[in-house]
Each structure stands twice: as C-alpha cells, then as structure tokens.
A.B. asks: 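What follows is a structure written as structure tokens; I'll ask about it next.
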Amino acid sequence: MSYRIATIAGDGIGPEVTEATVRVLDALLGPDVLMFEWLDGGAGHYQKTGEVLPAETLAACRDSHAILHGAAGLPGVTYDDGTEVGNDLHLKLRFGLDLYANVRPIRLLPGVESPLRHHQPGTIDYVIVRENTEGLYASRGAGVVLRDEMASDSLVITRKGTERVARFACELSRRRQGAPRDGKHRVTVCDKANILRSYAFFRRVCDQVSVDFDDIERDYAYVDAMTVHLVKRPDFYDVIVAENLFGDIISDLGAATVGGMGVSPSAELGDRHGLFQGAHGSAPDIAGQDAANPIATLLSGAMMLEWLASGHHDERLSLAAERFRLAIDKVLEAGLHRPREFGGQAGCRVFTEAVLDQLGRT
Ligand code: IPM
Ligand code: MN
C-alpha cells in the first residue's frame with residue numbers, strides 16, 4: 001500500500017522544517033510508500049492570491065491519507081478585524097476536516113536540558129489532548145464588535161465535542177505506560193469549573209465518559225493551578241484534557257518545560273483525517289537562515305507514521321516510526337549537533353543530516 005501525504009510547507013520556517021521531515025520520511029520508506037503532494041497555503045499565498053487555503057489544497061487534504069504541515073502566519077498579514085490570516089490555514093482545516101483531538105506530547109528528550117532543575121529525561125512525559133473544534137475558537141470570525149466600544153466572543157462547549165475528546169484522552173491513557181511519578185494511568189481534566197458553568201459542564205461530561213474507564217484515575221485541575229503544577233510536579237501527569245484555548249495555552253507552557261516550541265510536535269486528529277505539524281509558529285525572524293529547530297516537525301512526522309500504521313495495520317510504518325524516534329534520540333544523546341534553540345551550533349540542515357546519518361547506521 002502507498003500513502004498520499006498532503007504537504008503544506010507554509011510560511012516562515014515552514015518550508016525548512018517540512019523539507020527536513022520529508023527528507024527523513026523519504027529515507028525511511030521511499031517514494032513507493034509515501035507520496036508527498038506539495039500544496040499551497042498560508043499567509044504568503046494569501047498575499048499573492050487572496051486565498052489562505054485554496055480550494056484545491058483543502059480538496060487534496062480531504063482526499064489524502066495524512067497531512068504534513070510546516071507553519072503558517074506572517075506578521076502584519078491580518079484581516080480588517082485585526083486577526084491574523086495565516087492562522088486560518090489551521091482553523092479551516094481543523095473545522096473543515098473535524099480534527100477534534102489536538103494531541104500534544106510533552107516529553108523531555110535525551111540530551112535536552114529542562115529549565116526545571118532536577119528533571120531528567122523520563123520524568124516529564126505526558127500528553128495534552130486539546131479539544132480542537134470548539135471552545136472559545138468557535139467564535140473565530142463570529143465575535144461581536146460594537147461601535148468600537150465593546151467586543152465579545154462566546155465560549156462554546158458541546159456534549160458531542162466534549163464526549164469525543166474525553167473518550168480519546170481515556171483511550172490514549174490506556175495505551176500509555178502511566179505517569180512517570182507513580183505509573184498511574186491518569187486523565188486530568190483541566191478547566192475553570194469553579195467559576196464558569198460552561199467549564200462545569202465540560203467537567204461533568206468528562207466525568208460521565210470516565211465511567212466507562214474505571215481503570216483510569218480521574219484527576220482535576222483548574223487551569224490557573226495547572227500552570228503551577230506543570231512547573232512544580234510535571235511527573236504527576238499522564239494525559240491532560242482541556243478546552244481549546246486552555247489547551248493552546250498550557251501546551252506552550254508544557255513545551256517550555258522540555259526545551260521549547262522547537263521540540264513540541266502535534267497530531268490533530270479526527271475520525272478520518274490527521275494533520276501533523278510542530279506546535280510552534282512560523283518564526284519569520286529566523287526564516288531562511290537555516291536556524292530553525294526541526295525536531296518538532298520531525299517528531300510530528302513520526303507521529304504521522306504511527307497514526308497511519310495503526311489505522312492501516314501497516315507494520316512497515318510503525319517500525320519506521322521507531323527507527324525515526326531512535327535516530328533523533330541518538331543524535332540528541334550524542335550532543336554533537338545541538339540545535340541552536342538549545343544553545344548549540346546545529347542548523348536545521350545539519351541536525352537533519354545527523355538524523356539521516358544515524359538512520360544509515362541502523
Ligand atoms: C497552535 C497555534 C494556533 C492556535 C494558531 C497558529 C492558529 O497557536 O496550534 O497552538 O491558536 O491554535
Ligand atoms: Mn498555540
């Protein structure tokens with residue numbers, strides 16, 4: 001079987017990190033297994049054509065086995081309402097393909113120093129499952145602005161949207177090895193249920209779903225307290241489920257505790273489609289300088305192989321993903337090619353070459 005990968009490089013560092021990832025995926029499986037279809041989209045494309053996500057790109061994504069994306073967004077490229085154009089590439093794909101679970105692993109990799117003292121690889125290893133199609137983002141492009149005196153956006157929590165993401169989180173915890181601190185399979189519901197009825201509803205629906213998972217420990221954290229816990233006791237967490245905006249915020253904090261956005265992969269999954277991209281932005285200030293850290297997108301590529309392997313029962317892809325992850329870990333462990341994000345000298349290309357070289361030896 002071969003797989004059509006809709007590939008959208010996007011803006012800023014997007015082309016560099018996408019090319020890095022395609023090179024490694026190609027080295028792992030070759031063009032007969034993974035066929036990359038390069039597609040337009042992003043703020044730069046919008047500047048040229050007025051379209052951030054061309055219809056043919058959306059159609060190709062809909063028709064693909066998976067979507068690989070670099071990054072999107074350019075400063076100053078905004079709509080009249082002040083919101084950024086580039087972000088619509090992600091949002092139109094998320095809402096258009098119903099990618100309801102935004103899976104963001106937060107793992108301290110070997111050879112990477114956490115800003116949290118006393119933490120070594122293995123003690124920070126959890127996954128944030130961010131609801132990805134409603135919450136405060138449901139108001140994207142629909143908020144009220146009155147006479148330049150008042151503006152409001154609504155927070156939308158639906159039963160269907162919450163049930164499916166809560167179920168996803170519990171099933172993910174079942175597949176993992178438990179929290180580093182105690183090995184417990186634990187799902188933490190992160191919300192603000194003490195103050196807002198919408199979040200109390202989110203928590204109630206998560207609780208109702210958890211009845212089917214009595215092997216998974218239930219845990220709760222108000223989002224303000226969550227920011228303290230992710231710094232003070234990250235090893236306590238296994239899987240965290242959160243509404244869209246809260247998931248957006250705590251996943252960046254989590255990424256910072258394991259080295260930065262350059263090591264933060266993501267898989268945005270629906271029942272039929274998957275979008276794989278680093279959780280970082282387009283970093284236009286370092287674009288075109290070979291300075292980007294490709295690890296977030298590389299790891300997103302490994303997540304894509306794992307997702308395809310599981311959906312198509314294709315052992316070739318899970319083996320390739322294992323080799324992919326091992327190669328990244330080995331390069332980091334050797335410490336010879338530390339990405340600039342970690343204070344090293346290795347640019348995007350050098351780090352990618354080191355991963356390819358590692359693959360050549362395994
Ligand atoms: C993210 C980003 C996006 C978001 C932007 C680029 C639309 O911050 O994926 O975390 O706000 O979700
Ligand atoms: Mn974000």
Side-chain angles (χ1 to χ4, degrees), residues 8-14 17-18 41-46 52-53 57-58 61 67-79 81-106 127-143 153 155-156 161 165 190 223 226-227 230 240-270 273-285 287 292-293 295-297 299-300 303-304:
I8 314 172
D11 305 308
I13 61 169
V17 294
T18 308
H45 189 74
Y46 173 86
V52 65
L53 178 68
T57 297
L58 178 56
C61 289
I67 305 158
L68 179 65
H69 173 53
L74 290 174
V77 184
T78 56
Y79 294 121
D81 66 7
T83 58
E84 272 207 30
V85 170
N87 296 351
D88 255 346
L89 176 78
H90 308 104
L91 299 174
K92 285 177 183 295
L93 286 171
R94 291 172 182 175
F95 287 81
L97 302 178
D98 203 22
L99 306 177
Y100 58 85
N102 194 329
V103 184
R104 298 195 157 178
I106 305 291
V127 182
I128 294 171
V129 179
R130 167 187 173 184
E131 198 294 319
N132 210 30
T133 60
E134 51 184 51
L136 204 46
Y137 280 59
S139 289
R140 163 77 173 186
D153 285 305
L155 170 60
V156 174
V165 78
C190 171
V223 65
M226 190 90 250
T227 61
L230 292 186
I240 300 168
V241 62
E243 171 270 334
N244 211 332
L245 180 68
F246 285 177
D248 177 48
I249 295 167
I250 63 172
S251 55
D252 279 21
L253 172 60
T257 66
V258 293
M261 295 310 292
V263 289
S264 178
S266 82
E268 304 191 29
L269 307 177
H273 294 91
L275 162 62
F276 300 85
Q277 63 167 323
H280 50 66
S282 57
D285 53 321
N293 182 352
I295 296 174
T297 312
L299 287 172
S300 303
M303 291 175 79
M304 180 179 81

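Each ligand, and each atom within it, is numbered from 1 in the order the structure gives. Predicted model only: the values in this text are computed from it and were never measured.
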A.B. asks: Does an N or O anywhere in Arg130 fall below 3.5 Å from an N or O of ligand 1?
C.D. replies: yes

A.B. asks: After noting the C-alpha distance and the side-chain angles of His90 and Gln277, does the key distance pass the side chain to side chain donor-acceptor pair (under 3.5 Å) rule?
C.D. replies: CA-CA 10 Å; His90 308 104; Gln277 63 167 323; 3.3 Å; yes

A.B. asks: May I ask you to check whether Gln277 has an N/O atom sitting below 3.5 Å from an N/O atom of ligand 1?
C.D. replies: no

A.B. asks: List ligand 1 atoms under 4.0 Å from Tyr137, heavy atoms only on the residue side.
C.D. replies: 4 (C), 11 (O), 12 (O)

A.B. asks: Would Glu268 count as being in polar contact with ligand 1, using the rule that some N or O on each side must be under 3.5 angstrom apart?
C.D. replies: no

A.B. asks: Mind checking whether the Mn ion (ligand 2) has an N, O or S of Asp248 under 2.8 Å?
C.D. replies: yes

A.B. asks: For the residue pair Arg140 and Tyr79, what are the closest heavy atoms and their distance?
C.D. replies: NH2-CE1, 3.6 Å

A.B. asks: Could you check atom 3 (C) of ligand 1 against the protein and tell me its nearest heavy-atom contact, residue, atom and distance included?
C.D. replies: Arg94 NH2, 4.0 Å

A.B. asks: Do Asp252 and Met261 touch side chain to side chain, with heavy atoms closer than 4.5 Å?
C.D. replies: yes

A.B. asks: Got Ile240 and Leu230 here, is their nearest side-chain heavy-atom distance under 4.5 Å?
C.D. replies: yes

A.B. asks: May I ask you to test the Leu275-Leu97 pair for a side-chain heavy-atom distance under 4.5 Å?
C.D. replies: no

A.B. asks: Nearest protein heavy-atom contact for atom 6 (C) of ligand 1: which residue, which atom, what distance?
C.D. replies: Asn87 OD1, 3.3 Å

A.B. asks: Give me the one residue out of Asn132, Asn244, Asp248 that meets side-chain hydrogen bond (donor to acceptor under 3.5 Å, both in side chains) with Asn102.
C.D. replies: Asn132

A.B. asks: Of all the heavy-atom pairs spanning Glu134 and Glu131, show the shortest one and how long it is.
C.D. replies: N-OE1, 2.8 Å

A.B. asks: Within the structure, does Arg104 bring an N/O atom to less than 3.5 angstrom of an N/O atom in ligand 1?
C.D. replies: yes

A.B. asks: I need the atoms of ligand 1 closer than 4.0 Å to a non-hydrogen atom of His90, numbered in the order shown.
C.D. replies: 6 (C), 7 (C)

A.B. asks: What residue and atom, counting heavy atoms only, is the protein's closest point to atom 8 (O) of ligand 1, and at what distance?
C.D. replies: Asp248 OD1, 3.3 Å

